[in-house]
Amino acid sequence: MKILVTGAAGFIGMHSSLVLLGRGDEVVGLDNLNDYYDPQIKRDRLARLQAYKNFRFVEMDIADRPGIEKLFAEEKFDKVINLAAQAGVRYSIQNPHAYVDSNIVGFVNILEGCRHNKVKHLVYASSSSVYGGNEKMPFAEHDSVDHPVSLYAATKKANELMAHTYSHLYGLPTTGLRFFTVYGPWGRPDMALFLFTKAMLEGRPINVFNHGKMQRDFTYIDDIVEGVIRTLDRPAEPDAQFDPQAPNPGTSRAPYRVFNIGNQGPVELMAFIEAIENALGIKAEKNLLPLQPGDVPATYSDVSALTAWTGFAPGTPITEGVSRFVKWYREYFKA
Ligand SMILES: NC(=O)c1ccc[n+]([C@@H]2O[C@H](COP(=O)([O-])OP(=O)(O)OC[C@H]3O[C@@H](n4cnc5c(N)ncnc54)[C@H](O)[C@@H]3O)[C@@H](O)[C@H]2O)c1
């Protein structure tokens, strides 16, 4: 299989690419190496991928329409995994246009590339943030997701809607994956685990939002990758049970699916911090702060649809995942 992975120098992109390369797929990794966070870690992730003969890197922006058109026409990918996006909820308050450029304009370019070049399956990153202000727990794919509370979430929901139209109009099989707070080695420097670990090792206080009354369905990177690969290997199909009289938002008469990938259990932020404290052997000094605009107080995934489709359910306990992250962090930063 020849697979395009966009966002390959990113956290989830690197880990997904490593698994594909390890099993012998040909991977073309695309990334614009932007400086939303320190690009050095992106270059270091890339160096791991470049150790494989079946990997090639293309430095490009998915919003570059002629560039993406040419790449698809020349390469004729079998399948595409679109992970390139402007991520982060809080950053979308200050930088809305970055989200439109990468997540909307860029995503249309990917859809068009797939459509015109007979790509057999497009798997793309959505997000648990699409559940927005919902308080019905756990979050399931058949729930309404029409109340996003950040522009980031709105662009992810827009991706699902746009994907559906391409599945319907052109028969392009598309699978959207709603990732729930992903963490692990080589993780993102803008996310809590990384920020907390860094601050604690440097003897600085950590910023704890919503006064610690935050719950997240923290999902370990290997579980996310397992979900990405298993869904990639089973392209979305039209759902014979789909009833337009009572439409289920999670499936369709078109070859379209969306799946949650989460650890199936909300963890209190304070318990997460305790796991970091135990792994580091350092007690955190906490700065208790209010809930940030755009943030939601809790996430909790129902993954029964993913399990029914792939036979897989995430389950790495946070104590194990956090200690693997801390081990990596100490080695990488010699801290
Ligand atoms: N990490 C999480 O907890 C989480 C949760 C939900 C959804 N997601 C989604 O999963 C995907 C991967 O996330 P991640 O955590 O690996 O983030 P990341 O920022 O580490 O990876 C994204 C990569 O895409 C690249 N990129 C961004 N915009 C681009 C563009 N316009 N053209 C080309 N490359 C571009 C970046 O340089 C980066 O290397 C994203 O779509 C993100 O929104 C992540």
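Whatever order the structure lists ligands and atoms in, that order sets their numbers, starting from 1.
Contact between T6 and ligand 1 is absent, with no heavy atom of the residue lying under 4.0 Å from the ligand. Residue contacts with ligand 1: A9 is included, with a non-hydrogen atom under 4.0 Å away.
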Verdict with supporting geometry, Y37 and Y91, ring-ring contact (aromatic ring centres under 6.0 Å, His included): CA-CA 11 Å; Y37 60 76; Y91 188 76; over 10 Å; no
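Scanning N159, I68, L83, L30 for the heavy atom closest to atom 12 (C) of ligand 1 points to L83. Distances from atom 19 (O) of ligand 1 to the heavy atoms of Y36, F11, Y37 put Y37 nearest. The nearest non-hydrogen atom to atom 33 (C) of ligand 1, considering only M60, M191, R188, comes from M60. Compare F179, W186, Y152 by their heavy atoms: the one nearest to atom 42 (C) of ligand 1 is in Y152. Within the set S102, A192, A85, G13, the minimum heavy-atom distance to atom 27 (C) of ligand 1 is found for A85. Here the shortest heavy-atom distance to atom 21 (O) of ligand 1, taken over G187, A98, G10, A63, belongs to G10. Looking at I221, T219, V182, D101, it is V182 that brings a heavy atom closest to atom 2 (C) of ligand 1.
Without hydrogens or angle criteria, N103 side chain to A85 main chain gives no donor-acceptor distance under 3.5 Å. The backbone N or O of P314 sits less than 3.5 Å from a side-chain atom of Q264, completing a donor-acceptor pair. At distances below 3.5 Å, at least one donor-acceptor pair connects side-chain atoms of D31 with backbone N or O atoms of L33. When atom types are taken as modelled, the side chain of R330 and the backbone of A335 share a donor-acceptor pair closer than 3.5 angstrom.
Ranking protein heavy atoms by distance to atom 13 (O) of ligand 1, first place goes to I12 CD1, 3.8 Å. Atom 32 (N) of ligand 1 has its closest protein heavy atom at I62 N, 2.9 Å. The single protein non-hydrogen atom nearest to atom 26 (N) of ligand 1 is N32 OD1, 3.5 Å, given as residue, atom name and distance. The protein atom (non-hydrogen) at minimum distance from atom 41 (O) of ligand 1 is K156 NZ, 2.8 Å. For atom 9 (C) of ligand 1, the nearest non-hydrogen atom of the protein is A125 CB, 3.8 Å. Among protein heavy atoms, the minimum distance from atom 24 (O) of ligand 1 is reached at G7 CA, 3.3 Å. Of all protein heavy atoms, the one lying nearest to atom 38 (C) of ligand 1 is D31 OD2, 3.5 Å.
Residue K42 approaches ligand 1 through these ligand atoms, each under 4.0 Å from one of its heavy atoms: 36 (C), 37 (O), 38 (C), 39 (O). For ligand 1 and S126, the ligand atoms under 4.0 Å from any heavy atom of the residue are 6 (C), 7 (C). Applying the 4.0 Å criterion to heavy atoms of T181 picks out, from ligand 1, the atoms 3 (O). For ligand 1, the atoms lying closer than 4.0 Å to a non-hydrogen atom of N34 are 26 (N), 27 (C), 28 (N), 36 (C), 37 (O).
In D61, the parts holding a heavy atom less than 4.0 Å from any atom of ligand 1 are both the side chain and the backbone.
Salt bridge status for E277 with K286: present, with a side-chain N to carboxylate O gap under 4.0 Å. One finds a salt bridge joining R324 and E320 here, because a Lys/Arg side-chain nitrogen approaches an Asp/Glu carboxylate oxygen to under 4.0 Å.
The distance between the ring centers of F194 and F333 falls below 6.0 angstrom. Remark: aromatic rings of Y300 and F139 are distant, center separation not under 6.0 Å.
Put simply, the residue from D217, N260, T219 that forms a side chain to side chain donor-acceptor pair (under 3.5 Å) with S301 is D217.
For a threshold of 3.5 Å applied to N or O pairs, the pair formed by S128 and ligand 1 contains no separation below that value.
Atom OG1 of T181 is separated from atom CG of L193 by 11.0 Å, given to the nearest 0.5 angstrom.
A cation-pi arrangement is not found for R216 relative to F272, the charged atom failing to lie both closer than 6.0 Å to the ring centre and inside a 45° cone about the ring normal.
Using cut-offs of 30° and 60° for the angle between ring planes, the W328 and F325 rings count as tilted.
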